[in-house]
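One structure is given below, encoded as structure tokens.
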Amino acid sequence: MNGKPSLGHRLSTVALWVLAAVFLLPVALVVMNSFKSRLYISGAPFALPDAGTFVGWENYRTGLTSAGFTAAFGRSLFITVGSVLLIVVGCSMTAWYIARAKSRWTNLLYYLFVFSMIVPFQMVMYTMTYVVGSLGLDTLPGIVFVYLGFGSGLSVFMLTGFVRGIPLEIEEAATMDGCNPLQCFFRIVMPVLRPTAVTVAILNAMWVWNDYLLPYLVLGTDQKTIPVAIQIAMQGAYGATDYGGLMAMLVLAIIPIILFYLVGQKYIIQGVIAGAVKG
Amino acid sequence: MDFRQLKRWFPVFVLPTLVAFCVAFVVPFGMGVWLSFHRFTTVTNARFVGLENYVRALTADTDFLRALGFTALFAAVSILLINVLAFTLALLLTRPRRGQNLLRSVFFMPNLIGGIVLGYVFSLLINGVLGLWGVDITYAAKYGFWGLVLLNVWQLAGYMMVIYIAGLQNIPGSLLEAAAIDGASAATTLWRVKLPLVMPAITICTFLTLTNAFKLFDQNLALTAGAPEGKTRMLALDIYQTFYGRAGWQGVGQAKAVLFFLLVAALAAIQLRLTRSREVDA
């Protein structure tokens, strides 16, 4: 690789940039159409906005208000943050217990968590909706608890693997100094666990934020999250779909993800790799 | 530390997660298996019917088998296209070049966007293109099929690329130097050195694209919802519509769900066994 880059190298660079533009095209198309009048979207999505079709922020106003999108945004945020916090703390504690209080029972528990990872959601969706409904967990705090249950498979699996690699000496020393298990866990173990805890948090945040079917089945259409609100807005009586509002909603649903990615890019990529390798 | 005293702390450390796990998974899973042998419209009026639901799932109509065929074809095409594209991108983007990180980010980003949002983003694009010929994606099953493949490639290629990049970067430089000294061409190095050494990454990516294809639901619902005439319904969507779209078919839906679970589990097991055996240690 000294001197001038070869022709092949330069050609491949050009090809990569063209492909990158193609990758950005679908989202760019939605952004562009979000500024057009709703009458000119589904008929001519490739037409650039002009004096007759440009409507400024109007779609964002209607999309935010009429379809209850602001409330949906708040719900999605609450559920995602709540679930991720609960999953990280709850599953770390469970994983540490499984790794340290070794017995036949913790082994069984561990394999049960691992087993749940390969079971597709459709297997349990009907009965889960029934169980959750009859326990009165079909509320915002309730669904956070349900997410702890669904998220625990992968999370306990990843965290247990990590705890098993931590040497016992530090925890033993802490116990000598009079720490009870709870103090020992939060002061000694949790800080060591941080890299894996960040990975677990990222994987679960992406999943919960984008999840459609679970909140739709458990919370119904009265307490819409963002994906549910979009699906409902789209299904709305045929021909009457407000494409302008829908485009604005799609943009507003994508923006937080891009911000999240820009802030935590390094951790997200590491987390996704770790999740893929372990999952 | 005497970890036997830890047992007393079980209610603090494990119980909350375990209760949530039982509510969300263990109890519904058990009930699901049990209900698949019953006829019911709600959980409380179940009547034992033996294997009837399984027989109906496979023989009462061709929905389930058609969805299986569609899903299998979709999975095969997706696995091939995604992995070839992802590996090519990874090879190109492990060589130093300007804008390398930005390019990687652009390719990876679609993976973070959820299936429902992606489905509607693509329906705008695909229907816009098909609209030039006066049709839309629900016009014929082949449009829905290739639309879903396109969406899936777009969503997963960058994700798999990241895994292949990690695999390629793990190849010791000394091996590549040795190959160069021995006069191996670029193609030989690729086939004889790089490919065998990234076999673990290939295992992971094939496995991920396979199970992802079989479990695909949100994208299917948003992009085609099975249209036309249920011909683009994949397995997960077919199960969903059997449960919630046909009164009196809940038992059949649950039986399909059990079959679906067994299929996904079996594929995962076979896949891992097949590719694990071809891995090479560096």
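The sequence lines fix the lettering, A, B, ..., with proteins before strands; numbering per chain opens at 1.
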Exercise. Give a yes or no answer on whether the side chain of A:Thr94 reaches the backbone of B:Thr17 with a donor-acceptor pair at less than 3.5 Å.
Key: no
Exercise. Report yes or no: does B:Asp218 contribute a side-chain atom to a donor-acceptor pair with the main-chain N or O of A:Asp211 at less than 3.5 Å?
Key: no
Please report the closest heavy-atom contact between [X] and [Y], naming both atoms and the distance.
{"X": "A:Val27", "Y": "B:Trp154", "result": "CG2-CH2, 4.0 Å"}
{"X": "A:Thr127", "Y": "B:Gly32", "result": "CG2-N, 3.8 Å"}
{"X": "B:Val12", "Y": "A:Met93", "result": "O-CE, 3.8 Å"}
{"X": "A:Pro181", "Y": "B:Leu6", "result": "CB-CD1, 3.5 Å"}
{"X": "B:Pro110", "Y": "A:Phe23", "result": "CG-CD2, 4.0 Å"}
{"X": "B:Val43", "Y": "A:Tyr130", "result": "CG2-CG, 3.5 Å"}

Quiz item: Once you round to the nearest 0.5 Å, how far does CG of A:Leu262 lie from OG of B:Ser105?
Solution: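 A:Leu262 CG to B:Ser105 OG: 8.0 Å, rounded to 0.5 Å.
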May I ask you to name which of [options] has the most heavy-atom pairs under 4.5 Å with chain A?
{"options": "B:Ile116, B:Leu118, B:Val106", "result": "B:Ile116"}
{"options": "B:Ala222, B:Ala236, B:Cys205", "result": "B:Ala236"}
{"options": "B:Ser123, B:Ala166, B:Ala20, B:Gly99", "result": "B:Ala20"}

Quiz item: Quick one: are the ring centres of A:Phe150 and B:Phe25 less than 6.0 Å apart?
Solution: no
Would you say the side chain of [Y] lies within less than 4.5 Å of the side chain of [X], judging by non-hydrogen atoms?
{"X": "B:Met109", "Y": "A:Ile257", "value": "no"}
{"X": "A:Ile268", "Y": "B:Leu112", "value": "yes"}
{"X": "A:Gln265", "Y": "B:Asn101", "value": "no"}
{"X": "B:Leu124", "Y": "A:Ile41", "value": "yes"}
{"X": "B:Leu85", "Y": "A:Leu19", "value": "yes"}
{"X": "B:Tyr120", "Y": "A:Gln231", "value": "yes"}
{"X": "B:Phe21", "Y": "A:Leu109", "value": "no"}
{"X": "B:Val23", "Y": "A:Leu137", "value": "yes"}

Exercise. Please step through side chain to side chain contact (heavy atoms under 4.5 Å, CB included) for the pair A:Thr129 and B:Tyr244, ending with a clear verdict.
Key: CA-CA 12 Å; A:Thr129 312; B:Tyr244 297 103; 4.1 Å; yes
Check whether [X] gets within reach of chain B through its side chain, its backbone, both or neither, counting any heavy atom under 4.5 Å.
{"X": "A:Ile226", "value": "neither"}
{"X": "A:Ile254", "value": "side chain"}
{"X": "A:Val131", "value": "side chain"}

Quiz item: Hey, what's the ring geometry for B:Phe40 with A:Tyr126, parallel, tilted or perpendicular (30° and 60° as the breaks)?
Solution: tilted
Exercise. Classify the ring geometry between B:Phe13 and A:Trp96 as parallel (under 30°), tilted (30 to 60°) or perpendicular (over 60°).
Key: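 It falls in the tilted class, 30° to 60°.
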Would you list the atom pairs, donor with acceptor, under 3.5 Å between side chains in residues 115-124 of chain A and any protein atom, with sequence neighbours excluded?
unit_1	atom_1	unit_2	atom_2	d
A:Ser116	OG	A:Phe113	O	2.7

Exercise. Might you work through the side chain to side chain donor-acceptor pair (under 3.5 Å) test for A:Ser12 and B:Arg95, ending with a clear yes or no?
Key: CA-CA 11 Å; A:Ser12 65; B:Arg95 271 182 234 152; 4.9 Å; no
All N/O donor-acceptor pairs, side-chain side in residues 255-266 of chain B, below 3.5 Å, sequence neighbours left out:
unit_1	atom_1	unit_2	atom_2	d
B:Lys256	NZ	B:Asp238	OD2	3.0
B:Lys256	NZ	B:Thr242	OG1	3.0

